[in-house]
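Values below: all heavy atoms of this structure, side chains included; hydrogens, waters and symmetry mates excluded.
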Amino acid sequence: MEAEKRTLLIVDDVELNRAILNEIFCKNYYIIEAANGKEALDIILDARKKVDLVLLDLVMPVMDGFVLMEILKEKGVLEHLPVVVITVDGSEEILERAYSMGRKRSSSNRLTPISSGKK
């Protein structure tokens, strides 16, 4: 019997990036896509959709990844939802900001910053 696929939410304003990530992960995950943080927030807070992991771009229109993470942190969602940051800005400042938003009071970390280089 095949194990049930977990749900991966891909959040990126660039459709091509979402398509590439979808192709990479579709064999192992059920994929949901969002083009900005507002769409992602609606999906994450929808009780009918059980999101297990989020791949999150930081720079997007409408609502960026930092604002989304702040809202999720305030609502306590980051306590149980792993978020992997994807960004073209690999600066130390951006990565540290992203990393610090996912840090809980304990030493475990729920956010893994990843720099993908240039778009």
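Residues passing the salt bridge (Lys or Arg N to Asp or Glu O under 4.0 Å) test with Asp52 are Arg6, Lys50, sequence neighbours excluded. Glu39 pairs by the salt bridge (Lys or Arg N to Asp or Glu O under 4.0 Å) definition with nothing, not counting sequence neighbours.
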Test log, rule side-chain contact (heavy atoms from CB on, under 4.5 Å), inputs Leu8 and Ile32: CA-CA 6 Å; Leu8 170 63; Ile32 302 175; over 6 Å; no

Q: Apply side-chain contact (heavy atoms from CB on, under 4.5 Å) to Leu45 and Lys75, showing your working.
A: CA-CA 10 Å; Leu45 297 181; Lys75 292 183 175 293; 3.9 Å; yes

What verdict does the side-chain contact (heavy atoms from CB on, under 4.5 Å) test give for Val84 and Leu56, after you've listed the backbone C-alpha separation in whole Å, the side-chain angles of each residue and the deciding distance to 0.1 Å? CA-CA 6 Å; Val84 177; Leu56 178 64; over 6 Å; no

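Annotation for Met60 and Asp13: closest pair CG-OD1, 3.5 Å, computed over non-hydrogen atoms. Here the closest heavy-atom approach between residue Met69 and residue Val85 is recorded as SD-CG2, 4.2 Å. Of all heavy-atom pairs spanning Ala40 and Ala34, the tightest one is N-CB, 3.6 Å. Here the shortest heavy-atom pairing between Arg18 and Glu33 reads NE-OE1, 3.1 Å. Nearest heavy atom pair, residue His80 against residue Gly76, reads CD2-O, 3.8 Å. For Leu81 against Leu53, the heavy-atom pair with the smallest separation is CD1-N, 3.9 Å.
Side-chain heavy atoms closer than 4.5 Å link hydrophobic residues (I, L, V, M, F, W, Y) into clusters, and following such links, even through other members, never connects Ile44 to Val62.
Side-chain atoms of Val11 and Asn36, non-hydrogen and from C-beta on, never get closer than 4.5 Å to each other. You'll find the side chain of Leu9 reaches within 4.5 Å of the side chain of Ile43, heavy atoms only.
Atom-to-atom distance recorded for Glu79:CD and Lys73:NZ is 9.5 Å, nearest 0.5 angstrom. If you take CD1 on Ile31 and CD1 on Ile10, they are separated by 4.5 Å, rounding to the nearest 0.5 Å. Taking CG from Leu55 and CD1 from Ile24, the interatomic distance works out to 9.0 Å, rounded to the nearest 0.5 Å. Taking CD of Glu70 as the reference point, atom CG of Leu72 lies at 9.5 Å (rounded to 0.5 Å). Of the inter-residue distances, the one linking Asn22 atom CG with Tyr29 atom OH reads 13.0 Å to the nearest 0.5 angstrom. Taking CG of Asp12 as the reference point, atom CD1 of Ile86 lies at 5.0 Å (rounded to 0.5 Å).
Residue-environment remark: CZ (Phe66) exceeds the threshold of 12 foreign heavy atoms within 6.0 Å.
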